[in-house]
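Report on the following structure.
If you're wondering where the values come from, they're calculated on a predicted model, not measured in any experiment.
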Amino acid sequence: VCAGTAGLIATYVLGPRLHRFTQNASTQNMLIVHEMPSHNPVYTCIGTLFLYVGWMSYIASSCHRTECSSTNGNEVSASTSVANTLLATSAATLLGLMWEAYYLRLHSAEMINTSILSALVCMSPLASFIHPYSAVIVGILSFVVTNLIEPLSFLLMRNHIDDPCDTIRIYLYNGIVGILAVGFFKDPTLSPASSSTSFSDGVGIFYGGDGTLLVAQIIGLLFIITFT
């Protein structure tokens, strides 16, 4: 969220790329958006691979140690966090490939890279606190937020915000979804006992929570955006 908010501010201040947006006088100054595809898909795939491998290390180490004993005696290992992240990224990527194949009759490296990174961002706040089936749902949500909610993209274009690296779509949108998803999908039986904060006692709404954790997540989200 911090990176996405910073990207939003930076793209607004710097302005769009040359010839990215034009006005068509013959159609009442309608905004025309000119597509500028990436120049080297091979490099973007290599960069995504580096991020994928590094992100897995980050996700695994977020448990602070290899095995974290939860309050009811079950164990949540670093491998569970990695498995949840793999499931989320796989769900988002497969859904993206199927969507492109059905509606556009093509496959693109851009869709694969975007789907992977979006799911990674979305899973970062909650990889250790959800079940595998919830990880698949979160991966699907990340794909929907990144690619299918047109008003979000239209709002950026309407304000001449040009984001060549998709920082806003990937980091800001999915960061928000991931933070809010904790308030819905967090299972208290998977909370590491190593955490001394009250967050380890939080319960997601789908597991009988009263919404307190969701409110806390919203407050934290607003603080991050304001701080940035």
Side-chain angles (χ1 to χ4, degrees), residues 1-22 31-59 61-62 85 88-89 92-93 95-96 99-100 108-127 138-183 217-228:
V1 175
C2 185
T5 305
L8 174 61
I9 297 171
T11 51
Y12 180 79
V13 172
L14 294 174
R17 290 167 288 179
L18 191 63
H19 306 307
R20 172 62 165 160
F21 304 108
T22 57
L31 179 67
I32 299 177
V33 181
H34 299 279
E35 292 296 330
M36 293 184 175
S38 57
H39 300 288
N40 198 319
V42 176
Y43 283 175
T44 59
C45 290
I46 294 175
T48 301
L49 178 61
F50 287 159
L51 282 172
Y52 205 169
V53 175
W55 217 296
M56 287 300 173
S57 301
Y58 154 70
I59 290 291
S61 62
S62 64
T85 306
T89 53
T93 305
L95 189 59
W99 184 84
E100 275 194 327
S108 67
E110 180 182 359
M111 174 61 74
I112 296 174
N113 296 331
T114 302
S115 299
I116 290 175
L117 293 177
S118 299
L120 287 174
V121 173
C122 207
M123 283 297 296
S124 294
L126 69 162
V138 172
I140 294 173
L141 287 175
S142 70
F143 167 78
V144 172
V145 170
T146 305
N147 298 285
L148 300 186
I149 302 183
E150 292 297 330
L152 295 177
S153 299
F154 175 77
L155 185 63
L156 296 178
M157 299 297 179
R158 185 68 180 82
N159 291 278
H160 291 201
I161 296 177
D162 181 22
D163 184 17
C165 298
D166 282 336
T167 305
I168 301 170
R169 280 201 311 158
I170 294 175
Y171 288 92
L172 180 57
Y173 295 168
N174 288 283
I176 292 174
V177 171
I179 289 176
L180 297 181
V182 174
Q217 294 297 105
I218 294 174
I219 294 174
L221 174 63
L222 295 176
F223 177 82
I224 294 172
I225 295 176
T226 304
F227 173 80
T228 306

Could you go through Ile59 and Ser124, starting from their C-alpha distance and side-chain angles, then the distance that decides it, and tell me whether this counts as side-chain contact (heavy atoms from CB on, under 4.5 Å)?
CA-CA 7 Å; Ile59 290 291; Ser124 294; 4.3 Å; yes

Does Tyr12, at its OH atom, have more than 12 non-hydrogen atoms belonging to other residues, nucleotides or ligands within less than 6.0 Å?
no

Write down the atom of [X], the atom of [Y], and the distance for their closest heavy-atom approach.
X	Y	result
Phe21	Ile161	CZ-O, 4.1 Å
Asp163	Thr167	OD2-N, 2.6 Å
Ser142	Cys122	CB-CB, 3.9 Å

Would you tabulate the side-chain donor-acceptor contacts of residues 4-11 under 3.5 Å, counting partners in other chains and residues two or more places apart, or write 'none'?
| unit_1 | atom_1 | unit_2 | atom_2 | d |
| --- | --- | --- | --- | --- |
| Thr5 | OG1 | Val1 | O | 2.7 |
| Thr11 | OG1 | Gly7 | O | 2.9 |
| Thr11 | OG1 | Leu8 | O | 3.0 |

When rounded to the nearest 0.5 angstrom, what distance separates [atom1] in [X] from [atom2] in [Y]?
X	Y	atom1	atom2	answer
Ser118	Asn113	OG	CG	10.0 Å
Leu172	Cys2	CG	SG	10.5 Å
Leu126	Thr85	CG	OG1	8.5 Å
Asn174	Arg169	CG	CZ	9.5 Å
Cys45	Ile112	SG	CD1	7.0 Å
Leu51	Tyr58	CG	OH	13.0 Å

For Tyr173, check ring pair (Phe, Tyr, Trp, His ring centres under 6.0 Å) against everything at least two apart and list the hits.
none

With Pro125, the side-chain contact (heavy atoms from CB on, under 4.5 Å) member among Val177, Val138, Ile179
Ile179

Any side-chain heavy-atom pair of Asn147 and Trp99 under 4.5 Å
no

Could you list the donor-acceptor pairs under 3.5 angstrom formed between side-chain atoms of residues 219-228 and any protein atom two or more places apart in sequence or on another chain?
| unit_1 | atom_1 | unit_2 | atom_2 | d |
| --- | --- | --- | --- | --- |
| Thr226 | OG1 | Leu222 | O | 2.7 |
| Thr228 | OG1 | Ile224 | O | 2.8 |

Looking at Met111, is its backbone amide N or carbonyl O close enough to the side chain of Glu100 to form a donor-acceptor pair, meaning the two atoms are under 3.5 Å apart?
no

